[in-house]
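Just below is one structure, and these are the notes that go with it.
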Amino acid sequence: MVEQTPLPARYYRDNFVVLVQSVSQRYLDLFDDTEQAHIQALLALDQDAQCLLVRLLTRVGPWVRSDQLNYPEILDLELSIARLEAQGWISTRPELDVLSLSRLLRKAELQALWPALPKAERKAQWQQRLYEQYTDAQRPLQQWWPKAPMRLLSIERYALLHRLQVLFFASNRPDLSQFVIVALGHQRFESYPLHPQYRAYANRHELEWHIQRGVLREALAQASLEDTATDAEVRAQLLARQREVPSQASTGLWLALAERAAKRQDWRRALSAYRRVATPPGPERVVRTLGRLGRWRFAERAMNAIIPQTDTERNALERFRASIHKALDKPTPKRSRFWAQSFTLCLPDDGERVERQVQRHLRNAGWQSLWCENALLSAIFGLMYWEVIFADVPYAFDHAFQRGPRDQYHPQFWARRAALRAQCEAQWQARASWACELQRRYEAKAGVQNRWFHAERVPWSAIAALLARMDKPVLWALLQRLASDLRHYRSGLPDLFAWREQQYRFIEVKGPGDRLQESQTAWLAYFAAQDVHYDVAIVTRP
DNA sequence: GTGGGATTGG
DNA sequence: TTCACACTATCCT
DNA sequence: GATAGTGTGTCTCCAATCCCACTA
Ligand SMILES: [Mn+2]
Ligand SMILES: [Mn+2]
């Protein structure tokens with residue numbers, strides 16, 4: 001439901017002041033004296049100036065055209081600009097390179113400024129020409145365009161303003177619009193208690209390293225594969241910081257480094273980076289990379305030392321075992337593989353997705369169905385464990401706009417909630433029927449942001465259909481498996497859930513050229529072991 | 001003129 | 001701008 | 001069959017507007 005009452009004219013300033021005050025109360029010791037003085041000065045600015053600064057902060061930036069500042073709630077724009085500049089919050093004569101300039105100017109303005117640019121070309125081609133001519137030269141607007149009808153403003157002290165936001169949202173991608181989205185009723189968040197003393201960042205080092213990790217991740221994503229200097233820089237920073245900070249946070253970067261090295265067939269660097277990745281697929285990649293290096297005995301030893309954390313990892317290792325044995329001239333023991341049961345449907349290509357085609361085919365046979373993939377089991381899990389997921393655990397909730405606890409996928413997630421989980425599960429076990437309580441939760445939590453239950457994707461009727469047909473202990477087993485590794489087992493569930501009279505069926509649809517994925521096979525094998533009814537519908541073309 | 005992506009503000 | 005899934009290409013037996 | 005790589009729809013709001021490219 002959308003809120004009716006209009007927001008105050010300066011709602012965005014109010015929100016930002018709330019943010020700054022919250023951060024300065026929780027985290028003041030993370031800032032040095034100069035920064036603390038700036039924060040106080042920020043709060044002491046007059047409202048007009050605060051408004052303008054926040055407006056600039058929410059624009060794409062870092063440069064904003066003065067002729068695109070149209071804010072009636074700012075009473076005296078010129079005075080605000082002057083005050084912000086006098087206090088060092090903005091610059092009115094920023095230097096910028098020609099690419100940044102060309103993004104600020106419209107095509108017609110570029111044409112007027114550089115009449116030689118060929119009219120027929122697109123703006124992107126003009127930008128390329130301009131860059132070739134001027135490269136990275138930095139100049140103020142008045143030099144690029146002496147007769148410019150506007151000025152440019154740019155934020156100064158962006159680092160401080162950015163850190164305030166990162167601290168508030170505990171995220172490298174802070175989003176000030178969250179406030180207004182909630183105020184307008186576009187999103188609702190679960191209400192959980194917040195504890196300012198449990199801080200997401202214990203000290204400045206942790207904050208800086210968090211931000212820096214984001215910078216490095218971005219640099220790696222942008223760098224071409226041949227650009228090994230970036231890899232070396234990332235690696236050096238990871239090694240330098242690994243003592244100060246818990247290592248789990250760096251796993252993603254190590255994995256990215258390893259994969260880039262592997263793509264370059266630089267197996268030694270790949271190996272040393274994969275070794276830093278303790279979670280899947282790290283250990284398995286170490287084994288494969290040892291194979292690439294021809295060190296098959298080491299590979300075999302490493303493989304035997306791994307305790308698989310998931311059955312996907314176990315399967316991947318078993319598959320690779322054959323290669324190792326072949327390389328070492330050992331006999332390869334036949335491994336028993338799971339074959340999913342399937343049936344074939346020959347349907348003409350009518351432009352529709354095969355999943356929809358199979359749904360139609362099922363309907364003709366009297367089956368109702370829902371194309372839900374992972375959403376159905378996830379929804380049941382989320383609703384059943386809601387109070388555990390949103391439990392008041394130290395460090396789990398840091399601000400009011402979270403869709404779930406910060407440690408959702410942490411290995412200690414359940415350990416930190418063991419008693420609550422036991423209590424929650426005992427209550428479900430004690431209930432004769434789950435439908436009543438689940439429906440109550442379904443209605444109460446529909447529309448509340450969370451990572452498991454999305455009412456739009458799973459109508460209550462589908463959950464009810466499942467509850468009415470699947471034995472409770474079987475569903476329980478599925479939920480326990482999901483709980484055993486939330487990140488891993490939340491994917492791979494079949495496309496369709498179908499039901500007719502007292503029967504139900506999970507159906508994975510495979511079109512021509514499509515095959516079961518690892519995670520899908522793993523769930524189907526578990527279905528088979530638990531006597532969950534399933535099928536693979538293989539669609540062929542006539 | 002149309003359509004689409006980016007930007008903006010609530 | 002990520003994640004899960006489909007789809008394609010290649011090499012191999 | 002195994003593996004790697006690429007493409008796609010959907011993400012965490014919605015309406016209004018701007019700018020550009022394309023077409024007539
Ligand atoms: Mn699917
Ligand atoms: Mn499928």
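Residue numbers begin at 1 in each chain, while the letters A, B, ... track the order of the sequences. Note that these values count all heavy atoms, side chains included, but never hydrogens, waters or copies made by symmetry.
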Can you tell me if [X] touches the phosphate of [N], counting only side-chain N or O atoms and a distance under 4.0 Å to OP1 or OP2?
X: A:Arg10; N: B:dG9; result: no
X: A:Tyr71; N: B:dG9; result: yes
X: A:Lys510; N: C:dC5; result: no

[N] [atom2] sits how many Å from [X] [atom1], rounded?
X: A:Glu218; N: C:dT2; atom1: CD; atom2: P; value: 8 Å
X: A:Arg173; N: C:dT2; atom1: CZ; atom2: C1'; value: 9 Å
X: A:Arg451; N: C:dA4; atom1: CZ; atom2: C1'; value: 16 Å
X: A:Lys107; N: B:dA6; atom1: NZ; atom2: C1'; value: 17 Å
X: A:Glu355; N: C:dA6; atom1: CD; atom2: P; value: 6 Å
X: A:Glu73; N: B:dG9; atom1: CD; atom2: C1'; value: 10 Å
X: A:Leu69; N: B:dT8; atom1: CG; atom2: P; value: 11 Å
X: A:Arg13; N: B:dG10; atom1: CZ; atom2: P; value: 15 Å

For [N] and [M], measure between their [atom1] atoms and round to the nearest Å.
N: C:dC3; M: B:dG5; atom1: P; answer: 23 Å
N: D:dG5; M: C:dC12; atom1: P; answer: 16 Å
N: C:dC5; M: D:dT12; atom1: P; answer: 15 Å

Notebook entry, point to check: Taking atom CZ of A:Arg264 as the centre, does the number of heavy atoms from other residues, nucleotides or ligands within less than 6.0 Å exceed 12?
Noted result: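 Yes.
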Item checked: From B:dT7, B:dG10, C:dC5, nucleotide with atom closest to A:Gln520 side chain ->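 Given the options B:dT7, B:dG10, C:dC5, the side chain of A:Gln520 is closest to C:dC5.
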For [X], answer base if it contacts any base atom (sugar-phosphate contacts may also be present), sugar-phosphate if it contacts only those atoms, and nothing otherwise; contact means non-hydrogen atoms under 4.0 Å.
X: A:Trp371; result: nothing
X: A:Tyr11; result: base
X: A:Val60; result: sugar-phosphate
X: A:Arg285; result: sugar-phosphate
X: A:Arg188; result: nothing
X: A:Arg515; result: base
X: A:Ile181; result: base
X: A:Glu508; result: sugar-phosphate

Margin query: I want to confirm an ordering. Mapping A:Gly513 and A:Ser519 to their closest nucleotides on DNA chain C, which one lands closer to the 5' end?
Written below: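 Between the two, 5'-proximity favours A:Ser519.
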Next item on the list: Hey, which sits more toward the 5' end of DNA chain C by its nearest nucleotide, A:Lys326 or A:Asn374?
Entry: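 Closer to the 5' end of DNA chain C: A:Asn374.
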Item checked: Salt bridge present between A:Asp350 and A:Arg360 (N-O < 4.0 angstrom) ->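 So A:Asp350 pairs with A:Arg360 through a salt bridge.
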Check: Any Lys/Arg nitrogen of A:Arg129 or A:Glu132 sitting under 4.0 Å from an Asp/Glu carboxylate oxygen of the other?
Finding: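 No, this pair does not count.
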Write down the partner of [N] under the Watson-Crick or G-U wobble criteria, each distance required to be under 3.5 Å.
N: D:dC14; answer: B:dG9
N: D:dG1; answer: C:dC11
N: D:dA24; answer: none

Item checked: Residue whose nearest DNA chain D nucleotide is more 5′ - A:Ala316 or A:Arg403 ->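 The residue whose closest nucleotide sits nearer the 5' end is A:Ala316.
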Note to self: Using heavy-atom distances to pick each residue's nearest nucleotide on DNA chain D, tell me which of A:Lys263 and A:Gln178 is more 5'.
What the structure shows: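 That would be A:Lys263.
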Next item on the list: For the residue pair A:Lys445 and A:Glu190, establish whether any side-chain heavy-atom pair is separated by less than 4.5 Å.
Entry: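 Side-chain contact under 4.5 Å: yes.
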Margin query: Taking any atom closer than 4.0 angstrom to a non-hydrogen atom of chain A, what span of DNA chain D does the protein reach, first nucleotide to last?
Written below: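 The protein-touched segment is D:dG1 to D:dC22.
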Next item on the list: Look at the aromatic rings of A:Phe390 and A:Phe397 and report parallel, tilted or perpendicular, splitting at 30° and 60°.
Entry: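 Taking A:Phe397 first and then A:Phe390, their aromatic rings lie parallel (interplane angle under 30°).
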Any side-chain donor-acceptor pair under 3.5 Å between [X] and [Y]?
X: A:Trp371; Y: A:Glu373; result: yes
X: A:Asp97; Y: A:Ser100; result: yes
X: A:Asp311; Y: A:Tyr489; result: yes

Next item on the list: Kindly confirm or rule out a cation-pi arrangement of A:Arg103 over A:Trp63, judged by NZ or CZ under 6.0 Å from the six-membered ring centre and within 45° of its axis?
Entry: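 No.
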